[in-house]
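See structure below.
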Amino acid sequence: MHFLNESDPIKPRYIFFHVSSDGCILFRFEYKPKKIKTENGKKAKKRKQEYEDEEEEEEERSTDGSKWKFLEHKGPVLAPPYEPLPGHVRFFYDGKLLRLSAPAEEVATFFAKMLDHEYTTKEMFRKNFYKDWRKEMTSEEKSKITDINKCNFTEMSEYFKAQSEARKQMSKDEKLKIKEENERILQEYGFCVMDNHKERIGNFRIEPPGLFRGRGDHPKMGMLKRRIRPEDIIINCSKDSKHPKPPQGTRWKEVRHDNKVTWLVSWTENIQGSIKYIMLNPSSRIKGEKDWQKYETARRLKKCVERLRAQYREDWKSKEMRVRQRAVALYFIDKLALRAGNEKEEGETADTVGCCSLRVEHIKLYPKMDDQEYVVEFDFLGKDSIRYYNKMPVEKRVFKNLQLFLENKQPEDDLFDRLNTSILNKHLQELMDGLTAKVFRTYNASITLQQQLKELTSPDESIPAKILSYNRANRAVAILCNHQRAAPKTFEKSMQNLQTKIDEKQKQLSATRKQLKGAKTEHKASHDDRSKKMVEVKRKAVQRTEEQLMKLQMQATDREENKQIALGTSKLNYLDPRISVAWQEMLVHCGKAE
DNA sequence: AACATGACTTGTTAGCACACGA
DNA sequence: TCGTGTGCTAACAAGTCATGTT
């Protein structure tokens, strides 16, 4: 298998492959260069030569940190302007009709659209929304509306529901029209030219205004995400390109020509004050190469990981507390694939942690648990407020260190008080060029897939069995990385449906078996050609049904095991596609598998 | 060293198109 | 042909990490 062998890396440009089995088809890291200019005859030939020369040139990326030489695009698609509600849709305050000014009405509709969501019942959400809503009101509205609980948004909500219903009921023709219009916009704004290649842009639409929905217990949930105007937008393109035009009567905040960055458009968002970008699609050269580099770094880690492990084990004994903390944290990152854990500004975001920001309250130590010694129990909210819960027996030395770190601390104190991500990454950088905490996640995810594939699959399995094995290997990675999902709402039902199919298939199987038996008896009696043929036909039918049944059973197992596990993220971001390619090639060479 | 900022990757989910079976 | 379940992508939030500033 390619990932961790010393064999030559496959150039990313030529890989765009994936074992599709559960719907997640995409495996990043490929790109297909697209020639953008076509000419005829001699000129074209010459042009082609130039193009190939450029390709060659492109093989060695520039060393001065520039990301492109030429960049041309049409700019972003702005959010559509607000359309006031028709007159018959009313808003009531304290039981009385109240006509809202357009700005106040717009913000009210944001809330109305979410009325069915449990978000709108949360105190924090309502409070933040109300506060921002008031800012949009006229002074008259402000004096009249003093209590959000007296606001009645139901007519608005009903109106929007009816609208979306009407959209569903549209005729084929109307739907087609919309589709075509979307396609037109995509063709116009969805692509850019970067260094002679036409590239797909990731998200070319500016985020429309609305209410911010943070994840988890977010202190800013419900706040108004304001409308982005051309005056807020920075355009990035090359000087010698045709610059995107702002809408009539407006101007961009700035047009710059910075080829040290990859983004085309940026603006500052008002909730966290952070910058949002429009960048290229994952299929683009610039993303694909970065992706490939990431896995190359992981492969380099493979070569020295044992050395690093020996090193941090040694550091558990260090005289210096900061070194011990660093070493234990690194052990967690390596062993449990925890994220680095940057500090976050308190009160600005949900309270979540990673390795370096773990607090005393997030771990529990058990000198003995059941039949295991030195067990550490982790229980904390990680990225996106996803709970991480795990119990792991650790080496005695780690355990003793942890006890030491906990001494004289309150639950809300940092576990690693002498450590942060910057210190950790600086250390890692010294150990290996380009090494950071997240490389361990990539490395451990990919090596896990590889090991699991080796362990779980055999070339003579049936295709459905191979798919199940592949998914199980993928699942092991997702569990390692704690990629969870809420069990789909329709899970039980779809499981039932599958079970019914299995039952039916089972019945069908016993029926066909019976028929086969009958045919055999008949053949024994008559010994003629016709009955012989019949036996063959029935035998085939039984075989086919057996296969179908097995396939269904495999599917059921797969789905059941996958109930609360999300495979997509690891597939997209952590698994070197070359491993899957190599696995599939191995199967081809070993067996009759396709 | 602490802090701020900027750029980029990683993450979940809502909603929608579309295939599928009744 | 119609509803319905499912897979997929767009949307956008939330991380990581480097770099510059105080």
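Everything numeric here is computed off the predicted structure, so don't read it as measured data. The figures that follow rest on heavy atoms only: side chains count, while hydrogens, waters and symmetry mates do not. Order of the sequence lines sets the chain letters (A, B, ...), proteins ahead of strands, with each chain counted from 1.
Listed candidates were B:dT10, C:dC12, B:dC16. Nearest to the side chain of A:Arg167 is B:dC16. Of all nucleotides listed (B:dG6, B:dG11, B:dC18), B:dG11 comes nearest to the side chain of A:Asp384. For A:Asn342, counting side-chain heavy atoms from C-beta on, the closest listed nucleotide (C:dT16, C:dA18, B:dC16) is C:dT16. With C:dT16, B:dG11, B:dA7 as the choices, the nucleotide that has an atom nearest any side-chain atom of A:Lys438 turns out to be C:dT16. Ranking B:dG11, C:dA13, B:dC16 by closeness to the A:Asn573 side chain, first place goes to B:dG11. In the set C:dC12, C:dA18, B:dC8, the nucleotide with an atom closest to the side chain of A:Asn425 is C:dA18. Here B:dA7 is the nucleotide among B:dA14, B:dA7, C:dA14 with the atom lying nearest to any side-chain atom of A:Arg256.
If you check every strand for non-hydrogen atoms under 4.0 Å, A:Lys220 touches nothing. Backbone-only contact: A:Gly214 has heavy atoms under 4.0 Å from sugar-phosphate atoms and none from a base. Nucleic acid contact class of A:Gly341 (heavy atoms, under 4.0 Å, all strands): sugar-phosphate only. Using a 4.0 Å heavy-atom criterion, one finds that A:Thr352 contacts the sugar-phosphate atoms exclusively. A:Thr262 comes within 4.0 angstrom of sugar-phosphate atoms only, judged by non-hydrogen atoms across all strands, and of no base. Nucleic acid contact for A:Arg339: sugar-phosphate only, since backbone atoms but no base atoms lie under 4.0 Å from a heavy atom of the residue. Among the protein residues, A:Thr569 comes within range of the nucleic acid bases, having at least one heavy atom under 4.0 Å from a base atom. Backbone-only contact: A:Ala437 has heavy atoms under 4.0 Å from sugar-phosphate atoms and none from a base.
Here A:Arg213 does not reach the OP1 or OP2 of C:dA13: none of its side-chain N or O atoms lies under 4.0 Å away. At the phosphate of C:dC12, neither OP1 nor OP2 sits under 4.0 Å from any side-chain N or O atom of A:Tyr277. Phosphate contact (OP1/OP2 of C:dT9, side-chain N/O of A:Arg205, threshold under 4.0 Å): absent.
Paired with A:Ile502 under the rule side-chain contact (heavy atoms from CB on, under 4.5 Å), one option of A:Lys505, A:Glu504, A:Gln506 passes, and it is A:Gln506.
For the pair A:Arg578 and A:Glu296, the salt-bridge criterion is met [side-chain N within less than 4.0 Å of a carboxylate O].
Because its NZ or CZ atom is not both nearer than 6.0 Å to the ring centre of A:Phe212 and within 45° of the ring axis, A:Lys225 does not count as a cation-pi partner of that residue.
No hydrogens or angles were tested; on distance alone, nothing pairs the side chain of A:Lys290 with the base of B:dT9 as donor and acceptor under 3.5 Å.
Relative ring orientation between A:Phe129 and A:Phe153 is described as perpendicular, the plane-to-plane angle rising above 60° on a 0-90° scale split at 30° and 60°.
Between A:His218 and A:Phe125, the distance separating the two ring centers is not shorter than 6.0 angstrom.
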